[in-house]
2 protein chains.
Amino acid sequence: MTDDDSPTTRVRGRRPPQGDPVVDRALALLGAFDSSRPYLSLSELSRRTGIPASSALRLAGRLLEWGALERGADGRFSIGLRLWEVASLTPRSHELRQVALPFMGDLEEVTRQHVLLAVREGEEALMVERLSSHGAVAALYRPGGRMPLHSTGVGLVLLAFAESSFQEEVLAQPLMHQPEKVPVSSAALRRTLAEIRRDGLATFRRGAPGPIVSVAAPVHDAQGSVVAALSVLVPAENAEPRLLGPAVRTAARGISRGLGPWRAPGTP
Amino acid sequence: MTDDDSPTTRVRGRRPPQGDPVVDRALALLGAFDSSRPYLSLSELSRRTGIPASSALRLAGRLLEWGALERGADGRFSIGLRLWEVASLTPRSHELRQVALPFMGDLEEVTRQHVLLAVREGEEALMVERLSSHGAVAALYRPGGRMPLHSTGVGLVLLAFAESSFQEEVLAQPLMHQPEKVPVSSAALRRTLAEIRRDGLATFRRGAPGPIVSVAAPVHDAQGSVVAALSVLVPAENAEPRLLGPAVRTAARGISRGLGPWRAPGTP
DNA sequence: CAGTTGTCTTCCATTGGTCGGCATTGTGCC
DNA sequence: GGCACAATGCCGACCAATGGAAGACAACTG
């Protein structure tokens, strides 16, 4: 029962049954970019999104005109600065960073390594900001990137203070430490989370690119719920968790206080 | 020749002659947000973009689903974290910040005020990053926000090293210092720009929220063109431009060097 | 150097996703 | 209760969006 498709009857502009909403396709184009591929040619864009080249070109043209995409001399596309400008208004990054940066600066000055701030987004942590000193150890994750909840200091804090239904959902899955690929026992993780809740502090060690230890603490908003996690990342050898703990907790409290009275985004 | 529109013939879904491309409308929704209005209700969104409420709702729904928008418990929309995540891949912010942040941290530690990094976007400077210490003086501009080229330290640097055709375009307009609203003589500005090119350094004073001085230097990419400007912002009273100048220039050179060898984004 | 391959772009007949007015419900204020 | 405003659901006409075909151009290849 193949339908009639003799060469002569084949129409030119037959619109195929496919047909995602236009907006979704345009967003798919934006989503095709990736930290490992910040520049994409038209055909790469087309392949990654499954959108035919001619359609991809038309849509990309619109995005280009507005500034959501830019196009280099070699014809390749990248995310546009105009989009970044608008996106920087997202409250969970903008408000938070504004308050947190000075405190993060203090911590960096003391530790001279990495200081990072992350929020939860879906089943991962999203790094909102990172300060890194010159001689700092190699870091696994980057600002704007995602980090596993169960295998990073900030992630553990965010998980420990999430709703318990969400915690159970995560605990139900088989989890592996990253990047070592060592299985995590759900019972051990449960115990760790309880400790974090008790101490208001997470200490996480990993040996991957180099042995490091991360000390993380929760940041609360005016309603008292945990909206972010702050952490310092130092090489394991000269780590002094005893000293780092109070410093991180103090900074996190400072940020929390800064978020408090600044409430009420009612029309100014 | 009014067309027939007797009450009974009035069709329901008559599509009006209006009709911007869908993608443009969706982007207009994103563009409706603003640093002074990071939260918008549906009707505000509709009014600001000129899109009828029912259409705005439908489009916003799509954006919401993808994560380009978020919606609070009160029903108001804001920019979504997913959009920020993608937007953070824009080379002009991502690559630059990665290299610049450690150097900016050094400068902040010395000055204990504001350190900022900006790129040129159209006829304005766009602040890509700012580090601010605790006791720092009030700042006029915010990260992600735009600054006038002729009335800020970083702006002057970016203007001074822009193509001359662009400079003439700017010089041809009547310019005012911000926020004092004092006219800028085009001849004086021309002289200032020449000095900046000669010294590789801009010094800019303003008295607005408080008397401050900004010392700015250019950042070059591997090809030698100026891609950003770095600046420190300190209160005028205890400013030591003599000392700040070399510090800022050194840091800017460090960033430029960091951008150099990191060239060639050819497929890895 | 003709042949091959791949990318980018323009063209265009077709059609299904998009359109906004209207109706309804929800919410706050006097 | 009455009024004003915001949000959402509904609907069918219609035009903007569609993707295959084909051309232009560049880079390899035998």
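Residue numbering restarts at 1 for every chain, and letters A, B, ... go by the order of the sequence lines.
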Under a 3.5 Å cutoff, is there a donor and acceptor pairing between the side chains of A/Glu168 and A/Ser165? no
Roughly how far, to the nearest 0.5 Å, is the OG atom of A/Ser78 from the CG atom of A/Leu83? 11.0 Å
Closer than 4.0 angstrom, basic N to acidic O: yes or no for A/Glu163 and A/Arg120? yes
Check every atom of D/dG19, D/dT8, C/dT18 against the side chain of B/Val22 and return the nucleotide holding the closest atom. C/dT18
Nucleotide of D/dT18, C/dT9, C/dC19 approaching A/Arg25 most closely (side-chain heavy atoms): D/dT18
Using a strict cut-off of less than 4.0 Å between a Lys/Arg side-chain nitrogen and an Asp/Glu carboxylate oxygen, indicate whether B/Arg97 and A/Glu129 qualify as a salt bridge. yes
From the list C/dT9, D/dG19, C/dG20, which nucleotide is the closest neighbour of the side chain of B/Ser55? C/dG20
Please report, rounded to the nearest Å, how far the C1' atom of C/dT24 is from the CG atom of B/Leu57. 14 Å
Rounded to whole Å, OH of A/Tyr39 lies from C1' of C/dT7 at a distance of 20 Å
Would you indicate what A/Ser43 reaches in the nucleic acid, counting non-hydrogen atoms under 4.0 angstrom: base, sugar-phosphate, or nothing? sugar-phosphate
Strand contacts (DNA chain C) in residues 59-69 of chain A, 4.0 angstrom heavy-atom criterion: none
Pair of N/O donor and acceptor under 3.5 Å linking D/dG9 base with B/Ser54 side chain: no
A/Leu42 CG to C/dT10 P, in whole Å, measures 11 Å
Between B/Glu121 and B/Arg92, is there a salt bridge with N-O shorter than 4.0 Å? yes
Would you mind checking if B/Arg37 and B/Glu44 are paired as a salt bridge, meaning a charged N to carboxylate O distance below 4.0 Å? yes
Nucleotide D/dC5, atom P - distance to CG of B/Asp74 in whole Å: 20 Å
Side-chain contact check for A/Pro21: nearest option of D/dT8, C/dT9, C/dT18 is C/dT18
When the nearest nucleotide of DNA chain C is assigned to B/Ile51 and to A/Arg58 on a heavy-atom basis, which residue is associated with the more 5' position? A/Arg58
B/Leu29 CG to C/dT18 P: how many Å, rounded? 14 Å
B/Leu45 CG - D/dA7 P separation (whole Å): 9 Å
Look at B/Arg71 and D/dT8 and indicate whether a side-chain polar atom (N or O) is within less than 4.0 Å of OP1 or OP2. yes
